[in-house]
There are 2 protein chains.
Amino acid sequence: MSRKAREAEIYEAAARVFRRKGYHAARIQDVADELGLHKGSLYYYISTKEDLLRGLVEGPMQRMVAATREILATRHAPAQKLTRVIEMHLRHFQESKDFFGIFLREDLDFLDANAETDLRGLVRTYDALWDEVLQEGIAAGVFDAEMEVPIVRKAIIGMCNGTYTWFRADGPYPIQEIARQFAAFALDGLRPRDAARAAATTPSDLSSSSTA
Amino acid sequence: MSRKAREAEIYEAAARVFRRKGYHAARIQDVADELGLHKGSLYYYISTKEDLLRGLVEGPMQRMVAATREILATRHAPAQKLTRVIEMHLRHFQESKDFFGIFLREDLDFLDANAETDLRGLVRTYDALWDEVLQEGIAAGVFDAEMEVPIVRKAIIGMCNGTYTWFRADGPYPIQEIARQFAAFALDGLRPRDAARAAATTPSDLSSSSTA
DNA sequence: GTGAAATTCGGACGCTGGTTCAACTTTTCA
DNA sequence: TGAAAAGTTGAACCAGCGTCCGAATTTCAC
């Protein structure tokens, strides 16, 4: 096994352990156990426990920002863009579950303090992109012009991030179904679907595939 | 100062510290510093650090369950009950911010393991009460009958819990305004308010006080 | 096969942090 | 006012954990 591959193994193991126990509660020994190594051996690959965490943090957030930019660049209707952004968020969330588990639970600001990583900046960028989606909808007259965009954005993202607490890949709902329901919920609220559909000016085209 | 009062001080200080740093990252010394005491002195009041955490956990959750039961017992319309439950959740959330900060971030299952506290049970009860609210709405024909109740419940609670990440008492939005927007969002989604109002069968009476 | 390089081992070191405790100070109340 | 009770101190103990390092083992080129 190459050095790179071994390093990747270690980082993945660390991600799992950090998510399960939390960064501070997790011991280097736990990471070693996960790999069947002795803890001293890890230091052949890493320098400190903090660097291990830092290594995990880079990547997932950047990918989400990039994916959001792509969606924004399309010519879809606002409601559809929103649906796709929600889906995208949930999908990345699930794919980098370990990372987000850490990201949501730990206070990672101390990482920004003494290194080149700028997590907070990335989050700000991501938020701004969401706001753009909502603003487009308002400008197009299909979203409530009276809404407070930051609150609504936080409401939707909070809704998505909440999946961390309860979503299980082997649970009753596949991630697509959750995305579908979340999008429908965001766009139409709880009002009976028929009435909502009748009144809605911008139906989502994503619900056609699975009508559950 | 009475013993009870001193104990309360200690638990409150611990709550603040645990929320700021996380239970595992926080040190007993930090709690002592918060009070201007020496760490040894704390042990005149507490037995272990874990008990300190356990003491914090009891209470807030029980109060929320009780408050939800009260709302359910009223004769309000489903949409109004939902609005009130959302408000209630956010209000308790803010009032016991330290507790929830810990609750959401830490893995507290280990507390259930070897003590009489049954956090998980409480959470299950709380979820069930929310589901009742939603079911009532469906039965009354004012909520979408096709929704997956558990998903929607989790969506709304997730939305509320997300406030932990961003809500600041001195920020631009008072908690009431957030509750109002969340409820409106849940009930009508993002569709323009006028169209939503026209079609809605159960307007919320809570928005009358502040129209932002 | 042999030697060097890469990798892993296993123990040691030092620090941190939870907990204990005997001594000291303050409060209480007869 | 004085003695007992309540509360606080500060040092010490000890276990756990991050980190280091020389020795042992494995890998691999020649």
Side-chain angles (χ1 to χ4, degrees), chain A residues 1-57 98 102 105-111 113-115 117, chain B residues 1-57 98 102 105-111 113-115 117:
Chain A
M1 178 180 315
S2 76
R3 162 135 200 167
K4 274 277 170 232
R6 192 55 155 169
E7 262 176 23
E9 265 195 356
I10 290 174
Y11 277 89
E12 280 160 25
R16 285 195 298 274
V17 171
F18 289 173
R19 175 163 78 89
R20 273 205 301 272
K21 304 198 151 191
Y23 172 72
H24 293 283
R27 333 263 167 223
I28 279 290
Q29 180 71 57
D30 297 327
V31 180
D33 288 348
E34 188 91 1
L35 294 161
L37 276 182
H38 284 242
K39 61 176 181 172
S41 310
L42 293 181
Y43 285 82
Y44 182 71
Y45 298 93
I46 68 169
S47 53
T48 70
K49 187 187 175 192
E50 185 175 324
D51 278 342
L52 201 44
L53 176 60
R54 208 188 307 279
L56 296 175
V57 156
D98 289 327
I102 298 163
R105 287 166 49 156
E106 306 284 341
D107 178 10
L108 299 180
D109 284 354
F110 74 99
L111 288 182
N114 43 2
T117 49
Chain B
M1 179 180 315
S2 76
R3 160 133 200 168
K4 275 275 170 234
R6 191 56 152 171
E7 261 176 24
E9 266 195 356
I10 290 174
Y11 278 88
E12 281 160 26
R16 285 194 298 275
V17 171
F18 288 173
R19 176 162 77 88
R20 273 206 302 271
K21 304 198 153 193
Y23 171 71
H24 293 284
R27 282 149 274 189
I28 279 290
Q29 181 70 58
D30 297 327
V31 180
D33 289 348
E34 188 91 2
L35 295 161
L37 276 180
H38 285 242
K39 62 176 181 172
S41 311
L42 293 182
Y43 285 82
Y44 184 71
Y45 298 93
I46 68 171
S47 54
T48 70
K49 187 188 176 193
E50 187 175 322
D51 278 342
L52 199 45
L53 176 59
R54 209 189 307 280
L56 295 175
V57 156
D98 290 326
I102 299 163
R105 286 168 49 158
E106 306 285 341
D107 178 11
L108 298 181
D109 285 354
F110 74 97
L111 288 182
N114 44 2
T117 50

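Below, read A as the first sequence line, B as the second, and so on, with proteins coming before strands; counting in each chain starts at 1.
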* To do: For B:Y44, check side-chain contact (heavy atoms from CB on, under 4.5 Å) against everything at least two apart and list the hits.
  => B:R3

* Structure fact -> Applying side-chain contact (heavy atoms from CB on, under 4.5 Å) to B:K21 and not counting sequence neighbours gives B:A25, B:A26, B:R27, B:D30

* To do: Check the pair B:L52, B:I10 against side-chain contact (heavy atoms from CB on, under 4.5 Å), reporting the backbone distance first and the verdict last.
  => CA-CA 9 Å; B:L52 199 45; B:I10 290 174; 4.1 Å; yes

Distance check needed: [N] [atom2] versus [X] [atom1], whole Å only.
X: B:K49; N: C:dT20; atom1: NZ; atom2: C1'; result: 18 Å
X: B:E50; N: C:dG17; atom1: CD; atom2: C1'; result: 16 Å
X: A:K4; N: C:dT7; atom1: NZ; atom2: P; result: 12 Å
X: A:E9; N: C:dT7; atom1: CD; atom2: C1'; result: 14 Å
X: B:D51; N: C:dT19; atom1: CG; atom2: C1'; result: 13 Å

* To do: Using the side-chain contact (heavy atoms from CB on, under 4.5 Å) rule, take A:Y23 and B:H24 through it: C-alpha gap first, then chi angles, then the decisive distance, then the call.
  => CA-CA 9 Å; A:Y23 172 72; B:H24 293 284; over 6 Å; no

* Quick one: list whatever passes ring-ring contact (aromatic ring centres under 6.0 Å, His included) with B:Y11, sequence neighbours left out. =>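 Residues passing ring-ring contact (aromatic ring centres under 6.0 Å, His included) with B:Y11: none at all.
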
* Residues touching DNA chain D, which here means a heavy atom under 4.0 Å, drawn from residues 31-43 of chain B -> B:L37, B:H38, B:G40, B:S41

* Inter-residue atom distance A:D51.CG - A:L56.CG, 0.5 Å rounding ->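 Answer rounded to 0.5 Å: 11.0 Å.
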
* Asked: C:dT8 phosphate, OP1 or OP2: any side-chain N/O from A:R6 under 4.0 angstrom?
  ->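 True: A:R6 side-chain N/O within range (under 4.0 Å) of C:dT8 OP1/OP2.
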
* Is any side-chain N or O of A:Y44 closer than 4.0 Å to OP1 or OP2 of C:dT7? ->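 The answer is yes; a side-chain N or O of A:Y44 sits under 4.0 Å from OP1 or OP2.
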
* First encountered from the 5' end of DNA chain C, between B:S47 and A:Y45 -> A:Y45

* Asked: Is the shortest heavy-atom distance from the side chain of A:V57 to the side chain of A:I102 under 4.5 Å?
  ->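 Counting from C-beta outward, A:V57 and A:I102 never come under 4.5 Å.
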
* Does A:E12 have any salt bridge (charged side-chain N to carboxylate O under 4.0 Å, His left out) partners at least two apart in sequence or in another chain, and if so, which? ->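 Listed in chain order: nothing, the list is empty.
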
* To do: For a side-chain hydrogen bond (donor to acceptor under 3.5 Å, both in side chains) with B:D98, tell me which candidate from B:R20, B:R19, B:R16 qualifies.
  => B:R19

* Using heavy atoms and a sub-4.0 Å distance, could you list which residues of residues 18-29 of chain A are near DNA chain C? By number, please. => none

